Amino acid sequence: MNRELSAVFEQIADLMEIQGADPFRINSYRRVARSLKDLAGDVTQMCREGRLTEIAGVGKGQAERIKQYLETGKITVHEELKAQVPAGLPALLGIPGMGPKKVALAWKQLGVENVDDLKAAIESGQLAALPGMGTQSVKKIAAGLAFLEKSSGRTPLGVAWPVAHDVADRILKLPGVKRVEVAGSLRRGKETVGDVDLLCECARGKKTVEAFTQFDVVRSVLASGATKGSVTVEVPGGGELQVDLRVVPAASFGAALQYFTGSKEHNVRLRELAIKKKWKLNEYGLFDGDTQIAGKTEKSIYAKLKAPFVGPELREDRGEFDADAAARSADLVTLEDIRGDLHMHTVASDGRCTIEEMARAAKEMGYQYIGICEHSKSSAIANGLSIERMEQHIRDIREADKRMKGLKVLVGTEVDILSSGKLDYPDDLLAECDLVVASIHSGLSQDRKKVTARTLAAMENPYVTMIGHPSGRLLGKREPMDVDWGAIIAKAAETGTMLELNASWQRLDVKDVHARQAVEAGVMLCICTDAHHYDQLGQMVYGVMTARRGWAGKDLVLNTRSCAQLGKLLRRKRS
DNA sequence: GCCGTTTTCGGCCCGACTGTTTTCAGTCG
């Protein structure tokens, strides 16, 4: 319901914008849409408890609208807007080059009501003939349309990350380049990114930008100037990704890094702090009149503004300006804290490497331990292990562990939580494992009550260490299960069950806001890659960034612990 | 339409770029 309602508010804002309503009023609807999307609790529940105005940006009026939607499925202002503005128009706002003014212009002058109408207006030349339009504007819109069709919007973190770092490395090798940094939502570790923002400090800006636009990965050049270049590059698996490069002077590097890292909402708050002190903050620095008083580093800006300095992952205007934020930020889990990976598969089920291959790769990464967790018998598609095969596999892992020096190989299992809520293996088999990940792989579309009850039942089992990928989502492919997060997190806290933070970029499950909710309840997380090949062990970085977005301190992340502490924590629930 | 360590009205972030203008509007991040 949170997301459904968020989409309604977003649409109201879009429709109002096309109508040319007061921008501040429009923004207030967008604010509510964003709050609802990020909301950890359930909006229906909050409404029942009369706590709607606790949501950021929700006052008396918006609370009334939310209530109206929950009760009737409609909001008066939404219905009125829909009657006035064609339903296909908000989609046009997503086209690069099309803003509210141009959408309204095309609609009122040419009757353009959807993407197809727009295409026709471009081809007939009518769009270019409109006042304020021209051949260049239309060219941009046409290119925007083509880009959207190819890229289908946002790119997953795990797809954009290697591409961005590859391009950044190439820039760093260019002559005269001193420094290159990744900024934007990628630096914040968002699960999907719209584009890639790179900053560089260099001697010759124009030459650097030119060379950047000529890399062989570049598909098309959108802009190329002395301080900014913009290109699209091909991404593995098809589609394109926009990469922007900005050349920044050393004295402003921190200000630019801060500015281009965002988020927009975080930056607004920061700039408001500057204004209160009669200063001005922009991408060139913090200024008192014409004098730059900070900007060489990010930290200098936060320090001057007396704002808590927090890591990029926290900059979402979700409480990072509170007094304790800086301290909490400093304690958050980092990639260097990770000492092992407790959920991975081998050829025994549906992995592609042997126990030894996985173990060797983990040891090379500097890990102290790993956990091998194969699928259980009901996951037939994934070559799940029968009880007999599992017993043999346990012996194989114990043998491999003896042979491995300097790395502990733990016996685990990823046991299915069946449709009934029962586990796929008997307790005596689970008891032989060092850890048990219980996951739902079937019946994902059951109703909220059922899927929640299954997960709760699994947590009651003393051998279940953690719930694997608790929502079951696959980014861009499969919606999450409709689980009651409040109930799951409460049960996890009560039973001492942990939640997996599956680091695979297709999953990132639990996601950031639910990780945050778990952390606030004191529930331990375990960041696991669920690797099916040793080259997937590196995806840990995505899980760590997501955990940081959930404000997870290292003390609440199981796999930051030493081998000895790990053993204790794994046995804790059984005793 | 929300919101409050210069409060219940009057603010609400800032600059670059682009194209279509002849002083600026629209879009973007």
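Only a predicted model underlies this, so the values are computations on that prediction, with no experimental measurement involved. Below, chains carry the letters A, B, ... as their sequence lines are ordered, and counting in each starts from 1.
Residue contacts shown for G97(A) are limited to sugar-phosphate atoms, with no base heavy atom under 4.0 Å away. Among the atoms of the strands shown, none is found under 4.0 Å from any heavy atom of L105(A). Backbone-only contact: R65(A) has heavy atoms under 4.0 Å from sugar-phosphate atoms and none from a base. Contact annotation for I26(A): no contact, since no heavy-atom pair falls under 4.0 Å across all strands. Among the heavy atoms of the strands, none lies under 4.0 Å from P131(A).
Closest contact between the side chain of Q62(A) and the listed nucleotides dC14(B), dC2(B), dT27(B) involves dC2(B). Distances from the side chain of P100(A) to the nucleotides dT18(B), dT27(B), dT20(B) place dT27(B) closest. Nearest nucleotide to the D195(A) side chain, out of dG29(B), dC12(B), dG1(B): dG29(B).
Aromatic pair F9(A)/H78(A): centroids not less than 6.0 angstrom apart.
Annotation: proximity of residues 248-266 of chain A to DNA chain B (heavy atom, distance under 4.0 Å) is found for Y259(A), K264(A), numbered in ascending order. Residues from residues 1-24 of chain A lying near DNA chain B, meaning a heavy-atom separation below 4.0 Å, are D22(A), F24(A) in numerical order.
Using a 4.0 Å cut-off between a side-chain N of Lys or Arg and a carboxylate O of Asp or Glu, E320(A) and R315(A) do not qualify as a salt bridge.
Within 3.5 Å, a donor on the side chain of K278(A) pairs with an acceptor on the base of dT6(B), or the reverse.
The separation of dC14(B) from dC9(B), taken at their C1' atoms, amounts to 25 Å, rounded to a whole angstrom.
Between T227(A) and dC17(B) there is a side-chain N or O to OP1 or OP2 distance below 4.0 Å. Under 4.0 angstrom from either OP1 or OP2 of dA25(B) there lies no side-chain N or O belonging to K102(A). Note on S137(A): a side-chain N or O is less than 4.0 Å away from OP1 or OP2 of dT20(B). In this structure, Y284(A) reaches the dA16(B) phosphate: one of its side-chain N or O atoms is under 4.0 Å from OP1 or OP2.
For the pair A223(A) and E283(A), nearest-nucleotide mapping onto DNA chain B gives the more 5' position to E283(A).
Looking only at distances, a side-chain donor or acceptor of N2(A) sits under 3.5 Å from a matching main-chain atom of V43(A).
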